[in-house]
Amino acid sequence: MRLATWNVNSVRARVDRVVAFLERSQTDVLAIQETKCRDEQFPVGAFEAAGYEVAHVGHSAWNGVAIASRVGIADVEAQFAGQPGFAKPAVPAADDAPAEAPDPEPAATLLDVPPPVEARALGATCGGVRVWSLYVPHGRAVADPHYAYKLAWLGALRRAAADWLADDAAAQVALVGDWNVIPLDTDVYDPAAFAGHTHVTPAEREAFAAFADAGYAEVTREHLPAEHTYTYWDYQQLAFPRNKGLRIDFAYTSPALRERVTGVVIDRDERKGKGASDHVPVIVDLADAATPAPRGSRA
DNA sequence: ATGGTAGAGTTTCTA
């Protein structure tokens with residue numbers, strides 16, 4: 001089975017390119033990020049015409065994650081257990097009197113309404129694999145509330161992922177997508193350019209590495225360990241021709257699924273030409289699920 | 001020359 005992940009940066013702007021990729025690469029299951037559309041806007045017809053079923057969650061022109069599969073799609077979940085929402089911080093009026101003590105009992109409505117969960121995670125079982133299409137929050141800036149949200153989001157995902165393994169140590173789970181973390185200095189064209197920015201802080205790198213502590217293996221680096229192997233190039237300043245990229249798209253797998261990985265391909269050619277996404281597909285090839293060997297058949 | 005790209009709810013936001 002061929003499993004891939006791709007931040008497409010608008011599925012409507014790139015539907016022809018995405019379907020062409022599916023057919024050319026013979027991908028069975030594609031996790032898609034940044035669809036940038038609501039559910040009713042998703043161009044599902046083009047996928048169905050190519051033989052793929054689609055599950056999607058999208059609330060607006062931002063975020064949006066999907067899974068397209070030609071090996072079945074079942075038990076769809078539009079968020080993981082404990083997935084945090086993002087609450088816009090209250091903006092005090094410019095003439096707020098600082099002398100006044102804060103209200104010890106804020107309006108009940110503010111406490112009763114949980115922050116909205118964004119369309120950043122979609123789970124579905126495809127061909128026997130529990131696939132999660134993930135679009136980790138960007139963080140924007142270290143001092144921005146979105147940065148704390150990013151760390152909380154990664155922590156919550158790790159706890160959920162650990163629970164899945166605790167429930168079933170043999171589970172076939174793939175956590176794939178745009179992680180918005182640069183795990184190593186060799187995953188960025190120039191570490192100095194990111195000093196003081198998000199994606200490279202110790203807290204983000206620890207939050208990313210914690211998935212390994214939870215029992216998952218990041219298989220794209222296992223199979224493609226070369227330094228400066230990028231999956232994203234900014235649209236600006238000729239970043240792609242100058243190969244000023246980032247490695248931020250990854251695939252963590254459970255132990256049972258890791259055993260099935262036979263290879264990984266980063267489809268760098270998809271960054272070329274007019275109408276490319278700023279990310280390229282990351283492809284994980286899986287051997288057929290092992291069948292129990294007859295007793296005593298092998299050492 | 002303080003920009004530069006792309007997509008979307010385009011009189012501005014997000015990345």
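If you're wondering where the values come from, they're calculated on a predicted model, not measured in any experiment. To find a chain, count down the sequence lines: A is the first, B the second, and so on, and within it residues start at 1.
Across dT2(B) and dT11(B), the matching C1' atoms stand 23 Å from one another, rounded to whole Å. The C1' atoms of dT5(B) and dT10(B) are separated by 15 Å, rounded to the nearest whole Å. To the nearest whole angstrom, the two C1' atoms, one in dA1(B) and one in dT12(B), are 23 Å apart.
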Verdict with reasoning, Q33(A) to D178(A), per side chain to side chain donor-acceptor pair (under 3.5 Å): CA-CA 7 Å; Q33(A) 299 86 40; D178(A) 175 0; over 6 Å; no
Derivation of the ring pair (Phe, Tyr, Trp, His ring centres under 6.0 Å) call for F211(A) and W179(A): CA-CA 12 Å; F211(A) 286 83; W179(A) 292 74; 5.0 Å; yes
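Nucleic acid contact class of F240(A) (heavy atoms, under 4.0 Å, all strands): none. R38(A) comes within 4.0 angstrom of no nucleic acid atom, judged by non-hydrogen atoms across all strands.
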Sort me out a list of protein N/O and nucleotides 1-5 of chain B N/O pairs below 3.5 Å, or just none if empty.
from: dT5(B); atom 1: N3; to: Q236(A); atom 2: NE2; distance (Å): 3.4

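What separates CG of N7(A) from P of dG7(B) is a distance of 13 Å, to the nearest Å. Here the P atom of nucleotide dC13(B) and the CG atom of D144(A) are 13 Å apart, to the nearest Å. Atom C1' of nucleotide dA8(B) and atom CG of N63(A) are separated by 12 Å, given to the nearest angstrom. Here dT14(B) presents its P atom at 17 Å from CG of D178(A), a figure rounded to the nearest Å. Distance NZ (K36(A)) to P (dA6(B)): 12 Å, rounded to an integer number of Å. The separation between E118(A) atom CD and dA15(B) atom C1' is 13 Å, rounded to whole Å. Regarding D249(A), its CG atom lies at a distance of 15 Å from the P atom of dA15(B), rounded to whole Å. Rounded to whole Å, the distance from CG on N9(A) to P on dA6(B) is 10 Å.
Listed by chain and number, the residues in a side-chain hydrogen bond (donor to acceptor under 3.5 Å, both in side chains) with R38(A) are E40(A) (sequence neighbours excluded). Taking T125(A) as the reference, R130(A) meet the side-chain hydrogen bond (donor to acceptor under 3.5 Å, both in side chains) condition, with sequence neighbours excluded. With sequence neighbours excluded, no residue forms a salt bridge (Lys or Arg N to Asp or Glu O under 4.0 Å) with R158(A).
For the side-chain contact (heavy atoms from CB on, under 4.5 Å) with V71(A), the lone residue among L3(A), D28(A), V129(A) that qualifies is D28(A).
Contacts classified as ring-ring contact (aromatic ring centres under 6.0 Å, His included) and involving residues 54-89 of chain A (residues at least two apart or in different chains) are given here: F42(A)-H56(A), F80(A)-W153(A), F86(A)-H146(A), F86(A)-Y149(A).
Along DNA chain B, the nucleotide closest to H59(A) and the one closest to G139(A) are compared, and the more 5′ of them pairs with H59(A). When each of R12(A) and P137(A) is assigned the nucleotide of DNA chain B bearing its nearest heavy atom, the one mapping closer to the 5' terminus is R12(A).
Ring orientation note: the planes of F208(A) and Y252(A) are tilted relative to one another, at an angle of 30° to 60°.
The main-chain N or O of I248(A) is found under 3.5 Å from a side-chain atom of T231(A) such that the two form a donor-acceptor pair. Between the side chain of S133(A) and the main chain of V65(A), no donor-acceptor pair closer than 3.5 Å is present.
OP1 or OP2 of dA15(B) lies within a sub-4.0 Å distance of a side-chain N or O belonging to R140(A).
Contact check of residues 146-156 of chain A against DNA chain B (heavy atom, cut-off under 4.0 Å) returns no residues at all.
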